[in-house]
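Remarks on the structure that follows.
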Number of protein chains: 2
Amino acid sequence: MTIRLILAEDQSLLSSALAQLLDLEDDLEVIGTYGDGEEAFKHIKYEKPDVAILDIEMPKKTGLEVAEEIDRQKLPVKVMILTTFANKNYFQTAVKAHVHGYLLKDIPSDELIQSIHEVVAGKTIYSPELVSSILGDVDNPLSDKETQILAEIRKGGSTAEIAKTLYLSNGTVRNYISSILSKLGAANRIEALNIAEKRHWL
Amino acid sequence: MTIRLILAEDQSLLSSALAQLLDLEDDLEVIGTYGDGEEAFKHIKYEKPDVAILDIEMPKKTGLEVAEEIDRQKLPVKVMILTTFANKNYFQTAVKAHVHGYLLKDIPSDELIQSIHEVVAGKTIYSPELVSSILGDVDNPLSDKETQILAEIRKGGSTAEIAKTLYLSNGTVRNYISSILSKLGAANRIEALNIAEKRHWL
DNA sequence: CGCTCACTATGACATTTGTCATCTCACTTC
DNA sequence: GAAGTGAGATGACAAATGTCATAGTGAGCG
């Protein structure tokens with residue numbers, strides 16, 4: 001029985017190289033490769049592959065959104081996330097969406113092939129590097145509101161604008177920012193952004 | 001005559017997939033794959049491959065630095081840059097280093113293989129998407145100093161810190177920033193960073 | 001030669017940002 | 001129902017940031 005695969009990955013070089021390579025395996029068959037989440041989802045839904053390999057950051061719909069949709073509709077597909085990002089939030093979202101694999105792009109292709117087989121055999125595979133790196137991650141000390149505000153800061157808005165979009169008073173926003181800065185040990189907004197980004201908290 | 005290749009790419013999945021795929025071609029032979037610029041350079045220097053395919057953003061040494069070093073030492077190697085980044089500065093640096101190819105990772109792998117052959121045959125290949133996207137780029141209105149200061153801003157330093165590291169007065173830095181903001185139509189530093197980054201000016 | 005432009009600088013000013021103490025109000029929780 | 005707790009708010013203050021006018025220097029150019 002050959003395993004039917006769909007690939008969703010927006011970097012054509014990787015996508016095409018991978019597709020050709022997987023196709024060379026005699027029990028694997030790549031029935032489609034798609035460069036954005038929406039297309040990929042459509043084809044997953046109607047062509048019912050055995051395994052869907054999804055990148056996270058893609059146009060239109062992220063791999064995580066696709067995974068959640070598949071989970072919600074209980075489509076009979078094994079979902080594997082394949083990403084560069086060893087990011088706690090991404091990983092947790094993926095786990096909640098009951099994905100069958102979460103692999104980082106820093107593995108060799110043999111390992112990917114092996115993982116596909118294991119997933120089809122019923123295993124669930126989380127990249128060990130990832131799990132340990134996640135466990136090793138310093139815990140995000142920011143509250144939800146603080147994180148939300150930091151995200152607004154990243155967009156470049158002033159205190160006043162942030163206050164308006166979040167329906168808070170000017171002073172409250174400044175208090176939150178003050179607290180963010182002290183929690184992150186930053187001296188200003190930009191430093192805070194850099195720190196939070198480096199630690200995968202954004 | 002088979003073409004001997006060295007690959008420098010820090011994303012293992014792509015690196016290994018590509019290596020296997022290229023090796024399948026009967027006139028191509030991948031004699032080494034390396035995950036950082038320094039290692040790659042050493043092996044390029046002593047194993048003298050026909051072609052070196054370099055990613056830009058890698059640990060230790062970027063692909064561009066490797067390319068410059070190869071150019072300076074006049075090593076008899078065809079250099080091809082393979083990157084995600086359609087960034088004017090990167091591209092210009094690469095051209096100055098006399099690379100023989102500059103390709104984006106959004107091409108299919110067949111095209112890469114074909115390009116390798118063309119480069120070996122003496123052609124110089126610049127990704128057409130890139131060239132046109134570069135030509136379509138709005139010209140950077142910032143002066144060198146302004147760009148330099150914006151780069152310092154990105155690191156998160158305060159006006160005073162920037163002034164100190166660049167040996168300028170506090171007021172001068174503030175004037176430059178003021179000018180940057182007005183040129184970019186930004187209301188504050190963070191917005192300026194976002195705009196400059198989006199337009200590939202950083 | 002004069003002109004423009006980039007670079008550097010000052011001072012004065014308004015605004016924004018960051019800090020801190022303090023307060024209210026709605027919810028738990030015991 | 002009293003004591004916490006956490007989200008949100010205020011006001012006052014200091015420091016940083018942004019704006020503007022003005023000015024000196026030197027390089028490059030027609």
Side-chain angles (χ1 to χ4, degrees), chain A residues 88-89 92 138-199 201-202, chain B residues 87-89 92-93 96 134 137-202:
Chain A
K88 197 168 187 168
N89 290 337
Q92 288 177 337
V138 190
D139 245 19
N140 187 342
L142 302 179
S143 71
D144 285 359
K145 256 281 149 29
E146 286 164 348
T147 306
Q148 193 184 4
I149 284 179
L150 199 50
E152 288 302 319
I153 288 177
R154 182 169 44 173
K155 295 186 195 158
S158 65
T159 306
E161 288 165 341
I162 296 172
K164 203 173 292 173
T165 57
L166 297 186
Y167 304 105
L168 294 174
S169 87
N170 213 292
T172 302
V173 172
R174 278 157 69 202
N175 285 334
Y176 276 123
I177 293 175
S178 189
S179 144
I180 291 169
L181 297 183
S182 89
K183 282 185 183 175
L184 300 189
N188 59 54
R189 294 156 182 233
I190 298 180
E191 222 189 314
L193 284 178
N194 289 338
I195 292 171
E197 254 153 22
K198 197 184 308 167
R199 304 198 187 153
W201 293 339
L202 268 178
Chain B
N87 169 306
K88 198 168 186 169
N89 290 337
Q92 287 177 337
T93 309
K96 275 187 207 140
I134 290 296
D137 252 11
V138 190
D139 243 22
N140 186 344
L142 302 179
S143 74
D144 285 358
K145 256 281 145 34
E146 286 164 348
T147 306
Q148 193 182 4
I149 284 180
L150 198 51
E152 287 301 319
I153 290 178
R154 180 170 43 173
K155 294 185 195 159
S158 65
T159 306
E161 288 164 341
I162 297 173
K164 203 172 292 174
T165 56
L166 298 186
Y167 304 106
L168 293 174
S169 86
N170 213 291
T172 302
V173 172
R174 278 157 67 202
N175 284 337
Y176 276 123
I177 293 176
S178 189
S179 146
I180 291 169
L181 296 185
S182 90
K183 282 185 182 174
L184 299 190
N188 58 55
R189 296 157 181 232
I190 298 179
E191 221 188 315
L193 284 177
N194 289 339
I195 292 171
E197 255 153 21
K198 197 185 305 167
R199 305 198 187 154
H200 311 300
W201 294 338
L202 268 178

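Throughout, protein chains are lettered first and strands after them, A, B, ... in sequence-line order, and every chain is numbered starting at 1.
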Please check the phosphate of [N] (OP1 and OP2 only) for any side-chain N or O of [X] closer than 4.0 Å.
X        : N      : answer
A:Ser169 : D:dA9  : yes
A:Lys145 : D:dA7  : no
A:Arg189 : C:dG18 : yes
B:Thr159 : D:dA16 : no
B:Ser178 : D:dT17 : no

[X] side-chain proximity, nearest of [options]:
X        : options               : answer
A:Asn188 : C:dA9, C:dG18, D:dT10 : C:dG18
B:Ser143 : D:dG8, C:dC7, C:dT19  : C:dC7
A:Asn175 : C:dA9, C:dC20, D:dG8  : C:dC20
A:Arg174 : C:dT17, D:dG8, C:dT10 : C:dT17

Salt bridge check: are A:Lys164 and A:Glu161 linked by an N-O gap of less than 4.0 Å?
no
Between OG1 on residue B:Thr147 and CG on residue B:Leu142, distance to nearest 0.5 Å
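These two atoms lie 4.5 Å from each other.
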If you take all heavy atoms of A:Gly156 and B:Ile190, which pair is closest and at what distance?
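Where A:Gly156 meets B:Ile190 most closely, the heavy atoms are CA-CG2, 3.5 Å.
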